[in-house]
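Chain A is the first sequence line, chain B the second, and so forth, proteins listed ahead of strands; every chain is numbered from 1.
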Protein chains: 2
Amino acid sequence: MARAATTTDAFNAVAEPRRREILDVLTQGERPVGELVEILGLVQPQVSRHLRVLREVGAVEVREEGRQRLYSLNPQALKPIHDWVSGYQHLWEERFELLDGVLAGLQQEDTQE
Amino acid sequence: MARAATTTDAFNAVAEPRRREILDVLTQGERPVGELVEILGLVQPQVSRHLRVLREVGAVEVREEGRQRLYSLNPQALKPIHDWVSGYQHLWEERFELLDGVLAGLQQEDTQE
DNA sequence: CCAATGCATATCCATATGGATATATGATGA
DNA sequence: TCATCATATATCCATATGGATATGCATTGG
């Protein structure tokens, strides 16, 4: 087989920088496709396809209004990514951890003595 | 063109679940390839290739010891992912707050009638 | 009712992927 | 030196990708 489909999960969907850009724009609020096209400087079919991928992994939602489709963010779809990567945060902030440990130790000594 | 190479950045590298698994294992400390093969239940060439991808994006480092290659984690390579996704955290937390608000409102209606 | 607008979808192409398997490389021990 | 172990690399295959372009399909304004 080939690489997992981009629509497999948020990790794959979000590996594409353009799709992250789209999400970033949508943090400002609902946007019609045309506006995303303008902002991103892509041709419309590409934006539509990126949006489809994002929709399939639940990262965006559509609302129809006349001939426009208004896309909005569904940030919870990104939670699994956050959950996973957060497990690593303390590793690059190890210094703080160590400091915390030291402080905890000192405090315990304090209370015990 | 095709999809961006898996070695393009941490986002692409980590989109593959096996590679996330490898990183997860390495949080426990340095491991030789053979051990990763055992733990993951993959054939050795695949593990080696995943490790290569992870190395190219800076997520792991190798140390040679005799005929073994000991791989260790370089968690900072994941920081860009954390940075990006963290910008969304308050959005899904906000949703709960909103929901709480709505529920509270409904409840108040109930009690008021 | 027709033309235009806003999007979605279909198709063509080049490419890198992950799985599988085979082989190369390099260190070690006898 | 030779066999073995640990790992890397090469190759073959099927597949989904993203870019580009063309087209389909509603909705709307005149």
If only atom types and distance count, is the side chain of A/R55 paired as donor or acceptor with the main-chain N or O of A/E61 below 3.5 Å? no
* Using a cut-off of 4.0 Å on non-hydrogen atoms, how would the nucleic acid contact of B/R55 be classed: base, sugar-phosphate, or nothing? -> nothing
Note: for A/N12 and A/R67 on DNA chain D, the residue whose nearest nucleotide lies more 5' is A/N12
Stems with DNA chain C, 3 or more Watson-Crick or G-U pairs in a row (under 3.5 Å), are C:1-30 with D:1-30
Atom NE2 of B/H50 and atom C1' of D/dA8 are separated, to the nearest Å, by 15 Å
In whole angstroms, the gap separating P of D/dT7 from CG of B/L51 amounts to 10 Å
Margin query: Please classify the nucleic acid contact of A/P32 as base, sugar-phosphate, or nothing, using heavy-atom distances under 4.0 Å.
Written below: sugar-phosphate
Note: chain A reaches DNA chain C at heavy-atom distances under 4.0 Å over the stretch, first to last nt, 5' to 3', of C/dA4 to C/dG18
Check whether any side-chain N or O of B/R20 sits under 3.5 Å from a backbone N or O of B/V14 as a donor-acceptor pair, and report yes or no. yes
Under 4.0 Å, counting only non-hydrogen atoms across every strand here, what does B/R49 touch: a base, just sugar-phosphate, or nothing?
base
Quick one: label A/T6 by what it contacts on the DNA or RNA (base, sugar-phosphate, nothing), any heavy atom closer than 4.0 Å. sugar-phosphate
Worksheet item: Do the ring planes of B/W84 and B/F11 sit parallel (below 30°), tilted (30 to 60°) or perpendicular (above 60°)?
Response: perpendicular
- Query: Passes side chain to side chain contact (heavy atoms under 4.5 Å, CB included), A/R19 versus A/V53? Steps please.
  - Reply: CA-CA 9 Å; A/R19 286 195 284 265; A/V53 171; 3.7 Å; yes
Looking across every strand, which nucleic acid part, if any, lies under 4.0 Å from A/Q44 by heavy atom: base, sugar-phosphate, or nothing? base
| task | Ignoring backbone atoms, establish whether B/Y71 has a side-chain N or O less than 4.0 Å from OP1 or OP2 of D/dA8. | result | yes
Any ion pair linking B/R52 and B/E56 (charged N to carboxylate O, less than 4.0 Å)? yes
Exercise for the section: Output yes when a side-chain donor or acceptor of B/Y88 lies under 3.5 Å from a complementary backbone atom of A/D24, and no otherwise. Expected result: yes
Here the distance between atom P of D/dT21 and atom CG of A/L42, to the nearest Å, is 14 Å
Here the distance between atom P of D/dC25 and atom CD of A/E64, to the nearest Å, is 16 Å
Whichever of A/V33 and A/A4 has the more 5' nearest nucleotide on DNA chain C, that residue is A/V33
Exercise. If only atom types and distance count, is the side chain of A/N12 paired as donor or acceptor with the main-chain N or O of B/A15 below 3.5 Å?
Worked result: yes
Keeping B/T8 on the side-chain end and B/A5 on the backbone end, is there a donor-acceptor pair under 3.5 Å?
yes
Between CD of A/Q46 and P of D/dT21 the distance, given in whole Å, is 10 Å
As a quick check of understanding, evaluate side-chain hydrogen bond (donor to acceptor under 3.5 Å, both in side chains) for B/E64 and B/Q68, giving each step before the final call.
CA-CA 6 Å; B/E64 317 204 351; B/Q68 299 200 129; over 6 Å; no
